[in-house]
Structure formats: structure tokens, C-alpha cells
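Data first, discussion second: the structure below is written as C-alpha cells.
None of these values were measured; they are calculated from a predicted model. Indexing begins at 1, ligand by ligand and atom by atom, following the structure's order. One is the number of the first residue; the rest follow in order along the sequence.
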Amino acid sequence: MKVGRDIVVDRDRKAYEVGLPFIRGVGVEHKIEFAEKNACNILKGLLNKGKEGTFDFAFVDANKKHYKYYHEALLKLVKVEGAIIYDNSIHFGSSEVLDEIKLFEDGIGIPKKKSIQNVHEDIRDVNRFLVSDPRIGITHVSVEDGITLCRRMY
Ligand SMILES: C[S@@+](CC[C@H](N)C(=O)[O-])C[C@H]1O[C@@H](n2cnc3c(N)ncnc32)[C@H](O)[C@@H]1O
């Protein structure tokens, strides 16, 4: 039987370390290969190594501006019938992504209005792009930040 393995990529190791106690808690650290690198380079490297169609699953939670690039690479790396999941599809559960831009209060951990507008625009752009991509079947899960589940169709 093949044992599942994960490649986890974040250009900031500290972000990975936030989850590390939970990873250790369930005893799966040995299954994870962590890369403190730019995700675009990792994906390009995997394609260059001929890893097309070898992944069952990908989860994407990074800078929204690169999501289209990730999508193209992942559609090659993930096998047909495999899953690609995108996080934050309704940013903070906010209607702003779905509807008009509203004012956000400034506060600790809450981005200012201009940057949140940009993020919302990027997320809307990604959502429109995914909806119109015939290579995938998609569904949306409206929990918290929202996730978009994509299945590679061919
Ligand atoms: C919202 S955080 C998510 C962190 C982690 N996935 C989690 O759920 O706790 C987004 C992460 O994407 C990382 N990131 C953004 N752009 C990236 C890129 N081009 N390559 C690798 N990591 C990137 C950031 O360093 C940041 O830690």
C-alpha cells in the first residue's frame, strides 16, 4: 500500500510553524515535506521533474494574484478526478466579495479599506475564472472564509 505524503509550501516558515503543534499532535510530521520557497517555483520544479498527474489533491491558500498561475500548474500536476481546493472564496464570509464593497473597520489584524478592496477584487476575479473553466467541476462550501472545491474533469 502506498503511504500518502504532503508537500507543504510557504515562503514564510513561521506560517507553517503555527500549524506544526497540530501536525505533531496527530503524528503526521514524517509525512510532510516542507519547502520555504515561492510556490510558483515549486510548481514549476515539479512540472520540470515530470510529476504531471501524480497528485491526488492540492489545497491553495496564498496570494490571490497568483491563483491563476497555480491553477494552470495544478491542473497538470493533479490527476484526472483529483481535487484542487481554493481557500477564501468568500473572504471572511463577507458579502463584499459577492456584492458591493463596504467599509471595513480598521483594527488589529483587519486590513485597511483599500487593501481589502483589492483582495476582494482578486477573489472575485478568481471565482469568475474558476466558474468559467470547463476543465473542472466546482462546488462552493460556505463555511467561514469559504472554500471552492474543484475536480479535474479531464
Ligand atoms: C493566509 S496565510 C495561510 C497560511 C496557512 N496556509 C494557514 O492556513 O494557516 C497565506 C500564506 O501564503 C503565503 N504565501 C503567499 N504568497 C506565497 C507564494 N508566492 N509562495 C509561497 N507562499 C506564499 C504567505 O507567506 C502566508 O503564510
Notebook entry, point to check: Does some side-chain heavy atom of I23 sit less than 4.5 Å from a side-chain heavy atom of Y16?
Noted result: yes
Inspect the contact between [Y] and [X] and indicate whether a charged nitrogen and a carboxylate oxygen are less than 4.0 angstrom apart.
X	Y	value
R151	E81	yes
K76	E72	no
K68	D125	yes
E121	R124	yes

Notebook entry, point to check: Name the residues in contact with ligand 1, where contact means a heavy atom under 4.0 Å away: which are they?
Noted result: D10, R11, D12, A15, K37, N38, A39, D61, A62, N63, H66, Y70
Notebook entry, point to check: With a 3.5 Å cut-off and no angle check, do the side chains of Y67 and N127 form a donor-acceptor pair?
Noted result: no
